[in-house]
Amino acid sequence: MPLPDKREFLYKILVIGELGAGKTSIIKRYVHQFFSPHYRATIGVDFALKVINWDQETIIRLQLWDIAGQERFGNMTRVYYKEAVGAFIVFDVTRAATFDAVLKWKQDLDAKVTLPDGNSIPCVLLANKCDQPKEGIANNQNKIDEFVKENNFSGWFETSAKDNINIDDAAKMLVQKILENDKVQANGNSRPTSEPMFSLSKDQDTKSRKNCAC
Amino acid sequence: MNFNSKNINSTAENKQLLNQNQENSANNNVISDINTSLNRLRLFSSNEACGGSEPNVNRSEYSKCDTSAVDTNVIINRSATDGAMNKSNIEKQRNSRPNSFVKSHCRNSSYDGLLMHSRHNSESCSSSVGSTSSSTHSRHNSGDSGSLFSKNIFEWRSSSNSDLDLSTTPSGGVNVRPNKSNSLTGGGLFKWNLFGKHFEPPCMADNSDGLSVHSNTSTLSNHSSGTLPRDKSFETLTVSSTALIPHDRPKELPAKSEQEKLKHEKEYLKMLENMKKKEEAESKLKKKQLATQLKNEEQQVTAVKVWTQEILPHWESMKSSRKTRDLWWKGLPPCVRSKVWTLAIGNELNITRTIYDQCMKDAEARSQDIYDNTITQIRLDISRTFPHLCLFQIQGPYYNTLHLMLASYVSYNTRISYVQGMSYICALFILNISSLYEAFVCFCNFLHKSVFHVFYTLNIRMMQAYYATYNDLFKYNLPKLHRHFHP
């Protein structure tokens, strides 16, 4: 029973990455708890809504924007990115080329959308299809850790939409970041100090360790 | 429908089915337990073989139908206990049509016993109030005049009908005779004895067993249409839910009280009544659907005629006429689609066979290159094109075709190259246009002249014009919604 004082948040989350990285599959798994190898290619953009009962008094609605992976639609992304407060960038561990494009997507994201205070929106990197044999950098966890730190990601996860690995955790982490940002915004709209940044990297470290265990 | 008692001829095949069931074929009173644990439907059926040459055997035998051996078969039986002779009466449901086919599925079930899609036959219940009946339907080959079970209702009634002969084949057929001694008139005047338990025939439904009947609605439609493919190998029988034999509690449990009995009886009758109503409504609906379908088919036939005889020969003059447009809006019949599309799209780009061959060659060479980014993109999208058709999957029939076609377009128009979403358009042409060359011509010309070209080439001025037009149409057609978006 929703209490009258229950808080509700609606967050727009982007899911971006190269074509065929598994963005749609991740969303379907996360929202519908379902996997199929037969999704159609996303053209333009698709949407999904996930409702999370975050805690006793918080309901969070995530509006997931599933954005087509082909570069062709690159100049449309500004429209899609508008008012997003968080993002997943997805790459496919079985295809090294999809990792090479991650930075391009991150830069595109940071260039086109920022938080009201000017900071970049929290972004979690997903190394998808981790149930399959990896190619290239995906084999080297430390390198990815480094990459994630260098490029100001909130963290990264090895995921598998097929086997439902780490997707909920990744989402949890992103929502956590978004909530923190919200608090910072609420607290006198001050420019965020280095505090959240520290907590980011701390969190990131623990998450990385988690990855190693899996 | 008529529910006269009818002789049922059993083909050698049918007999085989039956015999396969009755591993110990000598004993002919077989009770097959149809163990439908899923729908909790219990059917007790018996088959009594007492053809001229075959002796009557009184022994009841419990056997599980093995569906794996034959496609399906059901032996419906019911054994009466009041006497040495267990007899059953099989009624054949007669269809008004001479060749009516009844489809029924009895699939191999994962759980032991038989999985039956049994349907409740309303007529049969009406004819057998106070008794239990089961209808058995089988699909058969019409050419096989001897083969039967076209539509049968196995019904056990109290009436002392004339003998029902189930078998015609000399080699020991299945002969079913009515049980003269059993009177099922009232509710619970006598009891069946199965597995040492007493069963009371029709008067009450055993609620604990549930009457969850898998209603096979398709059966009904197939009756009426009679257009089922005749598949001899798929000889199946369906048992109606009325085969449910309401019975007493097992011996070891306290018997039902009179009151309870009556109550159950009432409930059972009510269930039958409801089922009947439901079936009637369903059959009405089916009839209606069939009529619409027939009408549509007729329209299609006329449309094809008009297209092939009037419009296509005079395409240039007819193409923008009112008549053509109207007909077009109703949907092109598949057989003329290829022709009409080709004509309507034309070949402004003058793509010749030489150009096509050249592009194909390029595409083939390029598709070997696994590092080619565009080709990789195409490859990733092929199997994601109309995934539910299962035509474009890797190793699917059109996987290579679509790949080549898109790669050819990349060679043909390097400026646009490949854009996600193209695969759908291309797939439509491949599926609908008879020759690949023509499909390619249509595909290229279509992309060239349509709105796609504007968006694929990012022609900003034209894109804005399209957006403006869209907005105007939006405002005109859905003013309220438009206001919501453009406050």
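Only a predicted model underlies this, so the values are computations on that prediction, with no experimental measurement involved. First the proteins, then the strands, lettered A, B, ... as listed; each starts at 1.
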List the steps and the verdict of side-chain contact (heavy atoms from CB on, under 4.5 Å) for A/H38 and B/Q393.
CA-CA 9 Å; A/H38 304 306; B/Q393 260 54 292; 4.0 Å; yes
Flag, side chain of B/Q420 to backbone of A/I43, donor-acceptor distance under 3.5 Å:
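No, the answer is negative, given that no donor and acceptor are paired below the 3.5 Å cut-off.
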For A/G20, does its backbone N or O pair with a side-chain atom of B/Q377 as donor and acceptor, under 3.5 Å?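 Checked: no pair found.
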Exceeds 12 heavy-atom contacts within 6.0 angstrom, atom [atom1] of [X]:
X      : atom1 : value
A/E83  : CD    : no
B/K449 : NZ    : yes
A/Y30  : OH    : yes
A/K106 : NZ    : yes

Check side chain to side chain donor-acceptor pair (under 3.5 Å) between B/Y356 and all other residues, then give those that pass, not counting sequence neighbours.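 Not a single residue meets the side chain to side chain donor-acceptor pair (under 3.5 Å) criterion with B/Y356.
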Once salt bridge (charged side-chain N to carboxylate O under 4.0 Å, His left out) is applied, do any residues pair with B/K319, and if so which ones, sequence neighbours excluded?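 So B/K319 forms a salt bridge (charged side-chain N to carboxylate O under 4.0 Å, His left out) with B/E316.
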- Query: Taking atom CZ of B/R379 and atom CG of A/L19, what is their separation to the nearest 0.5 Å?
  - Reply: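 Going from CZ on B/R379 over to CG on A/L19, the span is 11.0 Å.
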*asked:* To the nearest 0.5 Å, what is the distance between CG on B/D381 and CD on A/Q70?
replied: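 Between B/D381 CG and A/Q70 CD, I get 7.0 Å after rounding to 0.5 Å.
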Run the numbers on A/E18 and B/L380 for side-chain contact (heavy atoms from CB on, under 4.5 Å), then give the verdict.
CA-CA 11 Å; A/E18 283 295 273; B/L380 283 167; over 6 Å; no
Which atoms of B/Y424 are under 4.5 Å from chain A, going by heavy atoms: the side chain, the backbone, both sets, or neither?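 Side chain only.
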